[in-house]
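Below is one structure; the comments refer to it alone.
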2 protein chains.
Amino acid sequence: MSNITDNAFKSISILYRKSHIWLNEGCAQYALTGAQAVVILIVCDFEMLTQDTITKRLGLDKSVIAKTVSKLEEIGFLVRTTNAKDKRTYDIRPTQKAWDVYALVKEQVDLCFQRMTQPMTDSERAEFARLLLLAAEGAIAADD
Amino acid sequence: MSNITDNAFKSISILYRKSHIWLNEGCAQYALTGAQAVVILIVCDFEMLTQDTITKRLGLDKSVIAKTVSKLEEIGFLVRTTNAKDKRTYDIRPTQKAWDVYALVKEQVDLCFQRMTQPMTDSERAEFARLLLLAAEGAIAADD
DNA sequence: CCAATTTAGTGGCACTTGCAACCAGATATT
DNA sequence: AATATCTGGTTGCAAGTGCCACTAAATTGG
């Protein structure tokens with residue numbers, strides 16, 4: 001009964017949901033949802049990319065990114081222009097409005113991670129971050 | 001740019017979503033969704049509990065549990081009886097049908113964790129599980 | 001004992017996500 | 001060059017979740 005992996009699985013769910021609640025709260029002051037905030041971060045980090053790149057980086061379904069990106073364009077955080085070389089794809093770039101919130105949003109994400117790992121020592125936190133990255137890369141690679 | 005905590009946050013999201021996709025796939029053969037499977041596990045572990053206990057254990061909103069539990073009752077995995085001492089609450093107990101899938105479902109959850117931590121050594125996996133538990137307990141305690 | 005507060009559970013709405021079907025443009029095969 | 005296949009993106013639908021407002025029962029304070 002109640003073995004370790006069972007609980008580890010539940011823990012991932014709990015951490016995901018709680019951290020997203022916190023991020024939503026933290027981003028509400030910028031009129032952004034957590035899901036939108038994450039996309040803004042990645043678009044600012046790359047400065048110019050396609051929806052497909054975002055999809056692969058975040059491990060989300062392409063339809064989800066399509067919806068979030070068009071919403072963010074609508075509310076003025078991104079611009080999409082048809083790529084000249086491949087007319088199927090968009091070049092997505094941040095607007096000034098995105099750059100204005102970039103650092104603030106990143107801070108909210110960091111705060112969520114601090115809060116999530118609040119019972120940990122600094123070295124545990126670092127190890128936790130390392131293992132999370134390792135697992136996530138594996139999970140993305142796993143489904144080809 | 002692209003700092004560690006930022007990526008750790010994204011990693012949690014990726015792991016959550018991928019693991020739930022895997023669990024859904026693994027539980028489909030028992031005509032259960034991943035969300036239902038997790039509730040069956042906890043109800044079998046406790047043998048008898050209230051919706052409120054499930055809510056607290058899983059860190060989910062009480063309305064979510066209400067919906068999942070009534071669905072599971074409808075399809076015959078649980079029974080709810082009004083508690084004699086406190087007429088607001090239900091006593092929730094697993095049926096034979098739940099016990100029949102219990103071990104199989106637990107195995108699916110374990111498989112998901114193995115798959116999720118596939119790039120890790122055994123000691124990394126154990127440490128990862130420990131840190132996940134620690135963080136999740138903190139996250140549940142954090143919002144009082 | 002009665003009023004106020006707390007607690008367990010429900011129902012409605014909105015957001016996020018995944019999946020499947022689809023379309024249009026690009027690439028490969030012949 | 002024509003056809004087939006692949007790829008990036010869109011749309012509609014369904015499930016999971018969170019929040020809010022609500023009800024009914026229990027508990028607390030006068």
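Computed from a prediction, not measured in an experiment: that's the story for all the values here. Hydrogens, waters and symmetry mates play no part in the numbers below; they use all other heavy atoms, side chains included. In the text below, chain A, chain B and the rest are named by the order of the sequence lines, each starting its count at 1.
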For this session: Hey, which sits more toward the 5' end of DNA chain C by its nearest nucleotide, A:Lys87 or A:Leu60?
Result: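 Closer to the 5' end of DNA chain C: A:Leu60.
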[X]: side chain to side chain contact (heavy atoms under 4.5 Å, CB included) partners, not counting sequence neighbours:
{"X": "A:Lys97", "result": "A:Phe77, A:Thr95"}
{"X": "A:Asp100", "result": "A:Gln96"}
{"X": "B:Val109", "result": "A:Phe9, B:Leu23, B:Leu41"}

Exercise. Taking NZ, NE, NH1 and NH2 as the nitrogens, is one of them in B:Asp110 or B:Lys106 under 4.0 Å from a carboxylate oxygen of the other?
Worked result: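 Salt bridge absent between B:Asp110 and B:Lys106.
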Spacing between [X] atom [atom1] and [N] atom [atom2], to the nearest angstrom:
{"X": "A:Ile21", "N": "D:dG16", "atom1": "CD1", "atom2": "P", "result": "17 Å"}
{"X": "B:Leu23", "N": "D:dT17", "atom1": "CG", "atom2": "P", "result": "11 Å"}
{"X": "B:His20", "N": "D:dA15", "atom1": "NE2", "atom2": "C1'", "result": "13 Å"}
{"X": "B:Tyr16", "N": "D:dA15", "atom1": "OH", "atom2": "P", "result": "15 Å"}
{"X": "B:Glu25", "N": "D:dA15", "atom1": "CD", "atom2": "P", "result": "17 Å"}

Is a side-chain donor or acceptor of [X] paired with a backbone partner of [Y] at a separation under 3.5 angstrom?
{"X": "B:Asn24", "Y": "B:Gly34", "result": "yes"}
{"X": "A:Ser19", "Y": "A:Tyr16", "result": "yes"}
{"X": "B:Arg93", "Y": "B:Leu78", "result": "no"}

Seminar exercise, completed: Quick tally for nucleotides 5-14 of chain D: nucleotides whose base has a protein heavy atom under 4.0 Å get B, sugar-phosphate-only ones S, the rest -, giving --BBBBBBB-
Problem set entry | Results of salt bridge (charged side-chain N to carboxylate O under 4.0 Å, His left out) for A:Glu124 - residues two or more places apart only |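 Scan of A:Glu124 (salt bridge (charged side-chain N to carboxylate O under 4.0 Å, His left out), adjacent residues dropped) gives B:Arg130.
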For this session: Look at all strands and tell whether B:Lys71 reaches a base, only sugar-phosphate, or nothing, counting heavy atoms closer than 4.0 Å.
Result: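 Contact class for B:Lys71: none.
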For this session: Sorted by first residue and then second, give each salt bridge (Lys or Arg N to Asp or Glu O under 4.0 Å) pair with at least one member in residues 66-83 of chain B; sequence neighbours left out.
Result: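 Listed by first then second residue: B:Lys71-B:Glu74, B:Glu73-B:Arg80.
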Exercise. Which atom pair, heavy atoms only, marks the closest approach of B:Ile92 to B:Gln51?
Worked result: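 What the structure gives for the nearest pair is CD1-CG, 3.4 Å.
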Exercise. Of all residues at least two apart in sequence or in a different chain, which pass the ring-ring contact (aromatic ring centres under 6.0 Å, His included) check with B:Tyr30?
Worked result: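 For B:Tyr30 there are no ring-ring contact (aromatic ring centres under 6.0 Å, His included) partners, ignoring immediate neighbours.
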Exercise. Of the residues in residues 26-39 of chain A, which ones touch DNA chain C at a heavy-atom distance under 4.0 Å?
Worked result: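 Heavy-atom contacts with DNA chain C come from A:Thr33, A:Ala35.
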Exercise. Along DNA chain C, 5' to 3', what are the outermost nucleotides having an atom less than 4.0 Å from a heavy atom of chain A?
Worked result: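 First and last nucleotides in contact are C:dT16 to C:dA26.
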Exercise. Through what angle, rounded to 10 degrees, does the axis of the helix from C:dC1-D:dG30 to C:dT30-D:dA1 turn between its ends, using five pairs per end?
Worked result: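 The value is 30°.
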Problem set entry | With sequence neighbours excluded, residues passing side chain to side chain donor-acceptor pair (under 3.5 Å) with B:Thr53 |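 B:Thr53 satisfies side chain to side chain donor-acceptor pair (under 3.5 Å) with B:Thr50 once adjacent residues are dropped.
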For this session: Return the set of residues passing side chain to side chain donor-acceptor pair (under 3.5 Å) with B:Arg17 (not counting sequence neighbours), or none when no residue passes.
Result: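 B:Arg17 satisfies side chain to side chain donor-acceptor pair (under 3.5 Å) with no residue once adjacent residues are dropped.
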